[in-house]
Structures are given as structure tokens and as C-alpha cells.
Amino acid sequence: MARAPRCGPYICGIDAALDVVSGKWKGLILWELDAHGVRRFAQLRRGLPGVSEKMLTQHLREMEEDGLVHRKVYAEVPPRVEYSLTEHGHTLNQALEPLGAWGVERIRRDGTDVVDTAETSHA
């Protein structure tokens with residue numbers, strides 16, 4: 001099933017922003033790439049416990065189409081592909097920082113468990 005293109009019409013700016021970051025993993029991909037800079041596919045998967053290969057691939061493609069993620073392919077055998085945030089992706093991540101702070105406060109207030117990614121992330 002083909003997805004609908006993300007090009008409006010929108011009700012407001014929040015509608016347009018949420019259209020680009022819709023999906024469970026896109027915000028986390030933004031966070032992971034912002035925290036680590038350049039990541040290969042396998043590194044992203046390890047940093048996002050629970051994401052399937054299919055979903056990560058789909059979200060990365062959409063984020064590349066939206067100008068948030070840069071995909072660099074090296075002409076090597078086996079091929080090497082690296083992902084990083086574009087300037088547009090960085091500005092979106094900055095815009096999401098207050099939402100992240102709100103979420104941290106909610107986690108603290110509710111005493112919710114947090115997934116430990118320390119052993120899967122590589123600085």
C-alpha cells in the first residue's frame with residue numbers, strides 16, 4: 001500500500017510538523033543521529049531496540065525524501081552506507097527539544113521505566 005505524500009494541505013504548523021515526524025521511530029532516529037553524528041544502519045538498529053529492519057529502512061527513506069537525513073553510499077565491496085542529519089534535520093531536532101524535556105518530566109513524575117541503551121550505543 002503506497003503512503004500518501006506529505007505535502008498538505010495542513011490545518012496549522014503543528015499538523016505539518018507532525019506529518020514529517022509521524023511514526024514511533026522517526027523522533028528516535030533524529031535523536032540517535034543528533035547524539036552520534038554519523039551512523040551506519042546496523043548502529044542505528046542497535047541504538048533503537050525493538051525497531052525492525054523493514055521499519056527502520058522505511059523511516060530512513062521517508063526522512064531522506066523529507067530532507068531530514070543524508071544517506072551517503074561508499075563504492076566499496078561490501079557497500080557501506082552512512083546516515084547523518086541534514087541542517088533541516090538538526091533544526092527539527094532542536095524544535096523537538098522542549099517536547100523531549102516535557103517527556104523527561106513525565107517519566108520522572110510517573111516513575112515510568114526507561115530502556116537502557118547504554119550497552120547498545122557507541123559514542
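If you read the sequence from its start, that first residue is 1, and numbering goes on from there.
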* Asked: Going by atom types alone, do Glu82 and Tyr74 pair a side-chain donor with an acceptor below 3.5 Å?
  ->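 The criterion, which ignores hydrogens and geometry beyond distance, is satisfied for Tyr74 and Glu82.
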* Asked: Quick one: do Phe41 and Val73 end up in the same hydrophobic cluster if we chain Ile, Leu, Val, Met, Phe, Trp and Tyr together by side-chain heavy atoms under 4.5 Å apart?
  ->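 Same cluster.
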* Same apolar cluster: Trp102 and Leu92, side chain cutoff 4.5 Å ->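 No, Trp102 does not connect to Leu92 through the hydrophobic network.
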* Check whether more than 12 heavy atoms from other residues, nucleotides or ligands sit under 6.0 Å from atom CZ of Arg106, and answer yes or no. =>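 No, CZ of Arg106 has 12 or fewer neighbouring heavy atoms, counting only those of other groups under 6.0 Å.
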* **Other residues, nucleotides, ligands: >12 heavy atoms within 6.0 Å of Asp110 CG** =>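 Counting other residues, nucleotides and ligands, CG of Asp110 exceeds 12 neighbours.
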Is the shortest side-chain heavy-atom distance between [X] and [Y] below 4.5 Å?
X     : Y     : value
Lys72 : Val81 : no
Leu56 : Ile29 : yes
Val69 : Leu30 : no
Met55 : Trp25 : yes
Val38 : Leu33 : no
Trp31 : Leu96 : no

* Which one of Lys26, Arg39, Arg46 satisfies the salt bridge (charged side-chain N to carboxylate O under 4.0 Å, His left out) criterion with Glu32? ->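 Exactly one pass, corresponding to Arg39.
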* Do the side chain of Thr86 and the main chain of His70 share a donor and acceptor less than 3.5 angstrom apart? ->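 It does not hold such a pair.
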* **Whether Asp19 side chain and Asp15 backbone form a donor-acceptor pair below 3.5 Å** =>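 Not at all, since once roles are kept as given, no pair shorter than 3.5 Å links the two residues.
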* Salt bridge flag under 4.0 Å for residues Arg61 and Glu64 ->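 Judged by the 4.0 Å cut-off on N to carboxylate O distance, Arg61 and Glu64 do not form a salt bridge.
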Approximate separation, where rounding is to 0.5 Å, of [X] [atom1] and [Y] [atom2]:
X      : Y      : atom1 : atom2 : result
Ser52  : Gln58  : OG    : CD    : 8.5 Å
Asp113 : Ile107 : CG    : CD1   : 10.0 Å
Leu48  : Gln43  : CG    : CD    : 11.5 Å

* To do: Go through the steps for His90 and Asp34 under the test side-chain contact (heavy atoms from CB on, under 4.5 Å), then give the verdict.
  => CA-CA 7 Å; His90 281 292; Asp34 190 61; 3.2 Å; yes
* To do: For Glu53, check salt bridge (Lys or Arg N to Asp or Glu O under 4.0 Å) against everything at least two apart and list the hits.
  =>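 With neighbours one apart ignored, the set is Arg45.
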